[in-house]
Amino acid sequence: MDLRIFTEPQQGADYDTLLRVAKATEDLGFDAFFRSDHYLAMGSSDGLPGPTDAWITLAGLARETSRIRLGTLMTAGTFRLPGVLAIQVAQVDRMSGGRIELGLGAGWYAEEHTAYGIPFPKEKFGRLEEQLAIVTGLWGTPVGEKFDFDGRYYRLADSPALPKPAQERVPVLIGGLGATRTPRIAARYADEFNVPFSSVEDSERQFGRVRAAAEEAGRKPGDLVYSNALVVCVGRDDAEVARRAAAIGREVDELKENGLAGSPAEVVDKLGRYAGIGSSRAYLQILDLDDLDHLELISSQVQSQLG
């Protein structure tokens, strides 16, 4: 199973902090560094020193790392026009030498839209489908040809569909727990399907829906990567687990129930349960970005056992 580091900078992290975590991610042998795409802190966090933009961050990291994959879980479709997003992602992909992945979601956090004057449309899933069609369509249009799109929400005419990413195909991630539309959209556009913060049982149920939707769409279900995003809290002993849980304002028992928490052996065992239902990639949500020893422990005693 691939392990990827997943950060939530809206809770309070500047670019220098994210750079340190990304470099540690690379040095410690993890597969990728991903970040959320939010402009407002959640819960009791004050969010200081303030939000950082996902794609500006990834552009910087693209030039300061050399191996790890970089991406978003998930870029909010409400934040960016699809044509602009296609340009941004293609440019950052070229800046990284072809290491970018695009997680794209409908957007959901109404308060951050209000806080920064971003429109929050009622019909988000229809927009998401058109955004995916446009972004992938722009990238897939041969150089020298034009791209047109006449949808309900977006219209493009005579677009040169430039620039192109460095990769022939930028992997597209779609995720969520919706029972009908989400699997259908994933079956049409996704290279990877991610289930966020869910149990093994709920993940298995959702993976099954996506596999069925893929078959209905004429795709092989095995062509998609299936993954989970899970909060992580690992310690060498109970005291270290408790200290790390307290640092992020969580209870150990709750973290063990809803995430990956405990000793390295406990975490390896739980990851094995996710692997057993077909998950081949885990995004480890790291909430204390100053605790780089946590990453070292996961690398040396969890990742090393996964093969």
Side-chain angles (χ1 to χ4, degrees), residues 1-38 45 49 52 54 57-58 60-73 96 99-101 103 194 196-197 227-250 252 254-256 258-272 274-275 279-307:
M1 176 177 282
D2 294 333
L3 295 187
R4 296 182 158 190
I5 299 303
F6 171 44
T7 61
E8 301 271 9
Q10 76 278 353
Q11 299 303 99
D14 59 15
Y15 175 75
D16 288 338
T17 298
L18 295 171
L19 176 59
R20 284 194 297 273
V21 176
K23 286 188 171 181
T25 297
E26 185 158 271
D27 293 343
L28 292 169
F30 292 104
D31 182 60
F33 174 94
F34 271 60
R35 59 157 291 166
S36 60
D37 188 20
H38 288 293
S45 172
T52 53
T57 296
L58 294 175
L61 298 180
R63 306 302 287 179
E64 303 216 45
T65 58
S66 61
R67 179 189 58 79
I68 51 174
R69 308 287 294 177
L70 300 166
T72 51
L73 283 181
S96 73
R99 294 182 285 124
I100 292 298
E101 304 186 9
N194 180 267
F197 312 114
S227 64
N228 288 89
L230 296 159
V231 62
V232 65
C233 181
V234 187
R236 295 172 182 83
D237 52 38
D238 290 344
E240 191 168 72
V241 175
R243 175 177 64 77
R244 288 199 163 109
I248 60 174
R250 304 280 286 268
V252 172
E254 179 267 323
L255 286 170
K256 288 187 176 184
N258 298 313
L260 301 168
S263 68
E266 288 178 286
V267 170
V268 169
D269 179 70
K270 192 162 187 180
L271 284 169
Y274 283 97
S279 182
S280 61
R281 184 171 289 161
Y283 293 80
L284 307 181
Q285 185 194 46
I286 303 291
L287 296 175
D288 184 354
L289 299 181
D290 294 318
D291 187 3
L292 298 184
D293 289 341
H294 194 197
L295 297 187
E296 194 284 327
L297 177 64
I298 296 169
S299 172
S300 65
Q301 298 195 32
V302 176
Q303 182 171 240
S304 62
Q305 298 187 54
L306 296 177

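Quick note: numbers below take in every heavy atom, side chains included, and nothing from hydrogens, waters or symmetry partners.
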> Is a side-chain donor or acceptor of Thr25 paired with a backbone partner of Ile5 at a separation under 3.5 angstrom?
no
> Would you name the heavy atoms of Tyr15 and Leu61 that are closest together and state the gap between them?
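Closest approach of Tyr15 to Leu61, heavy atoms only: OH-N, 3.5 Å.
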> For residues Tyr283 and Ser227, report the shortest heavy-atom separation together with the two atoms involved.
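Answer, listing the atom of Tyr283 first, then Ser227: CE1-OG, 3.6 Å.
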> Would you name the heavy atoms of Gly262 and Val241 that are closest together and state the gap between them?
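Here Gly262 and Val241 meet closest at O-CG2, 3.6 Å.
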> Donor-acceptor pair, Arg20 side chain versus Leu292 backbone, under 3.5 Å?
no
> Identify the heavy atoms of Ser279 and Asn228 that sit nearest to each other, and give their distance.
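Shortest heavy-atom contact: OG-OD1, 2.9 Å.
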> Would you give the length of the straight line joining atom CE of Met1 to atom CD of Gln305, rounded to the nearest 0.5 angstrom?
14.0 Å
> Report yes if some heavy atom in the side chain of Val302 is under 4.5 Å from a heavy atom in the side chain of Leu271; otherwise report no.
yes
> Counting only heavy atoms not in Arg63, do more than 12 fall under 6.0 Å of its CZ?
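Atom CZ in Arg63 is not crowded, with 12 or fewer foreign heavy atoms closer than 6.0 Å.
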> Would you name the heavy atoms of Leu3 and Ile298 that are closest together and state the gap between them?
CD1-CG2, 4.3 Å
> Any Lys/Arg nitrogen of Lys270 or Glu266 sitting under 4.0 Å from an Asp/Glu carboxylate oxygen of the other?
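Result for this pair is no, no salt bridge flagged.
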> Where do Arg236 and Leu297 land on the side-chain contact (heavy atoms from CB on, under 4.5 Å) test, with the steps shown first?
CA-CA 8 Å; Arg236 295 172 182 83; Leu297 177 64; 3.8 Å; yes
> Measure from the side-chain N and O atoms of Ser304 to the backbone N and O of Ser300, and report whether any donor-acceptor pair falls under 3.5 Å.
yes
> About how many Å separate CG of Leu73 and CG of Asn194, when rounded to the nearest 0.5 Å?
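Asn194 CG to Leu73 CG: 5.5 Å, rounded to 0.5 Å.
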> Is it true that the side chains of Thr52 and Arg35 contain a donor and an acceptor less than 3.5 Å apart?
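Short answer, yes.
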> State, yes or no, whether a side-chain contact exists between Thr65 and Arg99 at a heavy-atom distance under 4.5 Å.
yes
> Counting distance only, does the side-chain N/O of Arg4 pair as donor-acceptor with the main-chain N or O of Leu70 below 3.5 Å?
no
> Compare every heavy atom of Ala245 with every heavy atom of Val252, then report the nearest pair and how far apart it is.
CG2-CB, 3.8 Å
> Quick one: list whatever passes side-chain hydrogen bond (donor to acceptor under 3.5 Å, both in side chains) with Arg69, sequence neighbours left out.
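Partners of Arg69 under the side-chain hydrogen bond (donor to acceptor under 3.5 Å, both in side chains) test: Glu101, Gln167.
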> Begin from the C-alpha positions of Val21 and Ile286 and carry the test side-chain contact (heavy atoms from CB on, under 4.5 Å) through to its verdict.
CA-CA 10 Å; Val21 176; Ile286 303 291; 5.8 Å; no
> Go through the steps for Val231 and Arg250 under the test side-chain contact (heavy atoms from CB on, under 4.5 Å), then give the verdict.
CA-CA 11 Å; Val231 62; Arg250 304 280 286 268; 3.8 Å; yes
> Say you draw a straight line from CZ of Phe34 to CD of Gln285; how long is it, rounded to the nearest 0.5 Å?
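One finds 14.5 Å between CZ of Phe34 and CD of Gln285.
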> Do any pairs count as a ring pair (Phe, Tyr, Trp, His ring centres under 6.0 Å) and have a residue in residues 286-307, sequence neighbours left out, and if so which ones?
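Residue pairs with at least one partner in residues 286-307: there are none.
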> Is the number of heavy atoms from other residues, nucleotides or ligands under 6.0 Å of Asn258 CG greater than 12?
yes
> Using 0.5 Å steps for rounding, measure from the CD1 atom of Ile68 to the CG atom of Asp31.
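One gets 9.0 Å once the value is rounded to the nearest 0.5 Å.
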> OG1/Thr57 to CG/Leu18 distance, rounded to the nearest 0.5 angstrom?
5.5 Å
> Might you work through the side-chain contact (heavy atoms from CB on, under 4.5 Å) test for Arg244 and Val234, ending with a clear yes or no?
CA-CA 8 Å; Arg244 288 199 163 109; Val234 187; 5.7 Å; no
> Between Thr72 and Asp37, does any side-chain donor sit less than 3.5 Å from a side-chain acceptor?
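The answer is no; no qualifying pair exists.
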> So does Glu26 pair up with Lys23, basic N to acidic O under 4.0 Å?
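Lys23 and Glu26: not salt-bridged.
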> In Å, rounded to the nearest 0.5 Å, how long is the span from OG of Ser45 to CD1 of Ile248?
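Output value for this atom pair is 12.5 Å.
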